[in-house]
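Below is one structure, written out as C-alpha cells, with a few remarks after it.
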Amino acid sequence: MFEAWMEANRKYDDGRNLTYSEFPTKFVYNEGTHEWTKRKKGFAVGRINHVPPGAGDDFYLRILLNFQKGCKCYEDIRTINGVKYPNFKDACYSLGLLDDDKEYIDAIKEANLWGGSTYYLRQLFASLLFSNSMSRPEFVWESCWKLLSDDILHHQKKVIGRQDLIMSDEEIKNNALAEVERILQSNGRSLKDYPTMPVPTGVLLSNVHNKLVLDELSYDRASLIKQHEEYLSCLTAEQRNVYDRIMTAASDNKGGLFFLYGFGGTGKTFIWKTLSAAFRSKGEIVLNVASSGIAALLLPGGRTAHSRFAIPIEINEKSTCNIKMDSPQAELLSKTRLIIWDEAPMTHRFCFEALDRTISDILKFSNSNCSKVPFGGIIVVLGGDFRQILPVVPYGGRQEIVKATINSSDLWDSYEVLTLTRNMRLQPSSLNQDLTDLREFSDWLLKIGNGEVGEDVDGEAIIEIPNEMLIKDSENGLADLVDFAYPNFLEKIKTNDLAFFQERAILSPTLNDVAMLNDHLMSFILGEERSYLSSDSICKDDISFQNDEETYSPEVLNTFTGSGLPNHKLNFKVGVPVMLLRNIDQSNGLCNGTRLLITKMGNHVIEAKILSGNNIGQIVLIPRMIMTPSNHSLPIKFQRRQFPLVRCFAMTINKSQGQTLSHVGIYLPRPIFSHGQLYVALSRVRSKQGLKILSLDNEGQISNKTTNIVFKEVFHRLA
Ligand SMILES: Nc1ncnc2c1ncn2[C@@H]1O[C@H](COP(=O)(O)OP(=O)(O)OP(=O)(O)O)[C@@H](O)[C@H]1O
C-alpha cells in the first residue's frame with residue numbers, strides 16, 4: 001500500500017500536493033490490484049500506523065510522511081528543499097523535527113558565520129542555559145567554546161595594555177566561561193545551577209552567593225539622594241499622601257500592605273520611582289517586580305514577579321515559591337525592606353499567597369514573630385487597575401475569574417487601599433483644544449472601564465463607538481484599518497524603520513483573527529518566506545506517558561495551540577515584527593512581550609533587533625527553546641521546541657496589556673469575551689487620534705456597535 005502510493009505519484013499529478021495520510025481523500029486503494037486509483041465518490045482520511053521511537057529509521061520515516069508530499073521514491077522522502085539527506089533521521093533534523101543538542105551547536109556556528117560580535121554568541125549560549133533547552137550543555141560548550149571566546153585574547157590585551165600578551169587555551173576558555181557567568185548572574189542565575197557545566201576559576205564565583213544582594217545594594221546612592229529630592233518636590237498632594245503613608249509604615253517598622261489604585265497616567269510609576277530612590281539611597285533593598293515583562297521594564301531594576309520570586313507556573317492554594325532556605329534568593333528576601341508589585345490585578349491570588357507563605361517560612365528562623373504578620377513584615381505595595389484584564393483562568397467563568405483576583409484573597413483584609421485620581425499625562429502644557437479632547441477621551445475610557453456606557457445586562461453591555469474612532473462607509477474595512485495602523489508599510493519595511501514599528505499594532509480578541517491579520521500583512525512583504533517547524537513530544541515525566549505515546553503521536557501534538565505557545569509551524573520573513581514569548585535576559589530588556597524586528601533567518605537561529613523597552617536597536621540571537629504549556633485543558637503534558645516568537649503586526653488584546661502605542665487599529669470581527677478587554681484595547685494609545693476600530697456584526701457588515709464586559713463585583717472591595 002505504501003509503495004503503491006509512490007507508484008501513484010509517479011502516475012498521477014493530482015495527488016502530488018497531498019501527504020501520505022491525506023492521499024485517501026482523493027484516491028482509493030484497491031486491495032486486489034495493490035493500486036491507488038482516483039476516488040470517484042465518498043471521503044476518507046488516512047492514519048499512519050504507530051511506530052515507537054525505538055524502531056530506528058522507520059520512526060523517522062513515519063514522521064516525514066506527515067510532511068512530505070508527492071514522493072515518487074524513498075529518496076524523495078529524505079529530500080528537503082532540494083537537499084538529499086543520507087537517511088530519514090537527518091532529513092527530520094533539517095526540518096527541525098528532532099530534539100537534539102546538535103541543533104544548538106549548529107545555531108552557534110551559523111550565527112558566527114554572520115560575523116556579529118562574540119558577545120552576542122555568548123548571550124545566545126546563556127539564553128540556552130536560562131531556558132534549560134540543552135540536555136547536555138557541557139557538550140555544546142566543549143564543541144563551541146572557541147567560537148564563544150574569539151574576542152577574549154584581544155580584550156585582555158587591551159585591558160592589560162600589552163599587545164604581546166599570550167594566553168593558553170585554558171585561560172581563554174576560563175575567561176569566556178567567566179563572561180557567560182556574568183550574563184547569568186545579572187539574571188540571578190549561575191553556572192553552579194547547571195551541575196554538568198564547568199565553572200570558571202578565580203574570584204568571580206566567590207561572589208556568586210551574594211550577587212543578588214550585592215546587585216540590589218550597588219546603586220549609586222549619591223545620585224539617588226538627588227533624584228529622590230527632585231521627585232519628592234514634584235509630587236502632587238494626593239501622590240504625597242501615598243508616599244507619606246508608606247514611608248510612615250517603614251519608620252514604624254511594623255510592615256504594611258498597600259494597594260495603590262489608579263488608572264493609567266495617574267503617576268503610579270512615578271511613585272514607584274520616588275519610593276525606590278528613597279529606600280535605595282539609604283542602602284535598603286527594594287524589589288521592583290511586575291506581573292508582565294513589559295511593565296517590569298518600566299520599573300527601576302524591575303523583573304517579572306514570576307522570575308524574581310520563582311513562582312511555580314502550575315500553582316494552587318497550597319503552593320510555595322521555588323526558593324530554598326539557604327539559597328541566594330532566600331538571603332535576598334530576608335534583607336528586603338520593600339516589595340513593589342505593579343499590574344497586580346492580572347496575577348492569580350495564589351501567587352501572592354505563595355510568596356507570603358515562602359517569606360514567612362524564610363524569616364521565621366531569624367524572627368519568630370515574622371510568621372504572624374503578612375509577608376514576614378516586609379512592606380508590600382501592589383499597584384494596578386482592576387478595570388484591566390484579570391487573571392486568565394482556563395475555561396473559567398465569571399465567578400472563577402473574580403475568585404482568582406487578589407481582592408478575593410484572605411490577605412486582602414490586611415491591605416490598605418491608597419488611591420490616585422489625577423491624570424498626570426493630561427497636563428495644561430497642551431493646547432486648550434487638545435486638552436479638552438484628551439480629557440473627554442480619558443473620561444470616556446474610564447466609563448468604559450467602569451462599565452458605565454450602554455445598558456448593563458449581567459456584566460455585558462452593547463456600546464456605541466464614537467464616529468471619529470470608527471472605520472465606516474468603507475468598501476474594504478480591513479484594508480482601511482491596516483492602512484491606518486501601518487501607512488506606507490512597505491516603504492517602512494524597506495528602510496528598516498524601527499521607530500515606525502515600535503509604536504504600532506492591530507489588536508483583536510482571538511488567536512485565529514490575529515493569525516489571519518499577520519498572514520495578510522506578511523503577504524505584502526517581498527523576500528524569502530521561511531517556515532520553521534517545531535519538535536513536539538510528550539514530557540517523559542508524565543506518568544501516563546506509556547499509554548499516551550500512541551494516541552498523541554507527534555502529528556497530533558503539532559496541532560496544539562495556545563496563548564503564549566508558539567505554533568508548530570512559524571512563517572517568517574526578514575522585516576517582520578515579532579514578539580518574544582519567553583523571558584530570555586531581563587537585564588538586557590529581553591522578556592516576555594518584548595517586540596523585535598527580524599533581520600536574519602538561519603536554519604537554527606534567528607537574528608533580530610529590539611523594538612521596545614530600554615535597548616531599542618540592540619541585536620539579539622534567538623534559538624529554539626523548549627516550552628511546556630501550562631494549559632490544564634490539554635489531556636497530557638507535552639513540550640514544544642520552537643522559536644519563542646510570534647508575529648506581531650497584530651496581537652491579541654490580552655498580549656497588548658502594558659504596551660503603550662501611538663497608533664492602534666482594533667479589529668472586532670466578533671465581540672470581546674472577557675472583563676477589561678475592550679478597556680485595555682482602547683487604552684493602549686495616548687489620544688483618540690491614534691485609534692481606529694473596525695467592528696463587524698453577525699452578518700460580517702461594518703457596525704458602529706460592540707460589546708463591553710465588566711465584572712463590577714471586582715470593584716467592590718476597593719473603597
Ligand atoms: N508629580 C509628577 N510630576 C511630574 N510628572 C509626573 C508626576 N506624576 C506623574 N508624572 C508624569 O506623568 C506621566 C504618567 O505617569 P506614570 O507613568 O507614573 O503613570 P502610571 O499610573 O504609571 O501610568 P500607566 O499605568 O499608564 O503606566 C509620566 O510621564 C510621569 O513622568
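Starting from 1, each residue takes its place in the sequence as its number. Numbering of ligands and ligand atoms starts at 1, following listing order.
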Exercise. Where does the angle between the aromatic ring planes of Trp341 and Phe352 fall among parallel (under 30°), tilted (30 to 60°) and perpendicular (over 60°)?
Worked result: tilted
Exercise. Is it true that Phe649 and Phe489 have ring centroids separated by less than 6.0 Å?
Worked result: yes
Exercise. Is it true that Asp385 and Arg387 have a side-chain N and a carboxylate O under 4.0 angstrom from each other?
Worked result: yes
Exercise. Quick check, are the ring centers of Phe386 and Phe259 under 6.0 angstrom apart?
Worked result: yes
For this session: Could you tell me whether the side chain of Arg308 reaches within less than 4.5 Å of the side chain of Leu212, counting heavy atoms only?
Result: yes
Exercise. Considering only heavy atoms from C-beta outward, does the side chain of Pro374 approach that of Val380 to under 4.5 Å?
Worked result: no
Problem set entry | Those protein residues which place at least one heavy atom below 4.0 Å from ligand 1 | Cys234, Leu235, Gln239, Phe263, Gly264, Gly265, Thr266, Gly267, Lys268, Thr269, Phe270, Met424, Arg425
